[in-house]
Amino acid sequence: MCLAIPALVVELLPEGQAVVELGGIRKEISVVLVADVRVGDYVVVHVGHAIGTIEPQEAERTLAMFAEMKEAHMPPDAFATPRGGLASFEAAQ
């Protein structure tokens, strides 16, 4: 199972890179696959790459569902995936 998560673009960097923030964690990702990304956009991040944009309301709804699952005491490895996902996003920091 692969997981892509919405994250807020907080800084654009040279060479198709950007810094995104999710839950207070910042990570550098590639945005070369998504045209016209701007600071303040939400992008869907999969394995260190933005693969699309998402409307802010949908991003907030998705992130709220992740928070609800965490509060429901999901096992610590529930978000772990072989190629990335939320666990690897947090571990990269």
Side-chain angles (χ1 to χ4, degrees):
M1 177 176 91
C2 294
L3 179 67
I5 52 177
L8 180 65
V9 176
V10 295
E11 183 180 356
L12 293 174
L13 302 172
E15 300 182 21
Q17 297 294 108
V19 176
V20 294
E21 184 172 327
L22 176 63
I25 297 170
R26 289 183 176 213
K27 178 173 174 58
E28 188 174 321
I29 65 163
S30 170
V31 291
V32 298
L33 300 176
V34 182
D36 300 324
V37 172
R38 291 173 273 166
V39 171
D41 286 348
Y42 278 92
V43 293
V44 179
V45 180
H46 176 67
V47 196
H49 296 271
I51 58 173
T53 58
I54 186 171
E55 292 295 322
Q57 300 84 358
E58 183 65 22
E60 291 167 9
R61 192 178 77 139
T62 301
L63 293 171
M65 285 192 296
F66 281 125
E68 287 176 24
M69 288 188 291
K70 184 176 180 182
E71 287 178 20
H73 305 289
M74 299 291 285
D77 63 347
F79 293 111
T81 64
R83 302 184 82 188
L86 185 61
S88 66
F89 188 93
E90 292 174 344
Q93 298 305 310

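The structure presented is a predicted model; accordingly, all values stated were derived computationally and were not measured.
Of all heavy-atom pairs spanning Val31 and Ala18, the tightest one is CG1-CB, 3.7 Å. The nearest pair of heavy atoms linking Leu12 to Val37 is CD1-O, 3.6 Å. For the residue pair Glu15 and Val32, the shortest heavy atom distance occurs at O-CG1, 4.4 Å. A pairwise comparison of heavy atoms in Pro6 and Leu22 identifies O-CD1, 3.5 Å as the closest pair. Taking all atoms of both residues into account, the shortest heavy-atom contact from Val45 to Ala7 is CG2-CB, 4.0 Å. Of all heavy-atom pairs between Ala50 and Val34, the closest is O-CG2, 3.4 Å.
The side-chain hydrogen bond (donor to acceptor under 3.5 Å, both in side chains) test applied to Gln17 returns Glu28, not counting sequence neighbours. Residues satisfying the side chain to side chain contact (heavy atoms under 4.5 Å, CB included) test with Val10, not counting sequence neighbours, are Leu8, Val19, Glu21, Arg26. Evaluation of the side-chain hydrogen bond (donor to acceptor under 3.5 Å, both in side chains) rule for Glu60 yields no partner, not counting sequence neighbours.
Separation of atoms OG1 (Thr62) and OH (Tyr42) is listed at 10.5 Å; rounding is to 0.5 Å. To the nearest 0.5 angstrom, Ile54 atom CD1 is 11.0 Å from Ile5 atom CD1.
Applying the side chain to side chain donor-acceptor pair (under 3.5 Å) test to every pair with at least one member in residues 50-59, sequence neighbours left out, gives these pairs: Glu58-Arg61. The salt bridge (Lys or Arg N to Asp or Glu O under 4.0 Å) contacts involving residues 36-52 comprise nothing, where partners must be two or more places apart or lie in separate chains.
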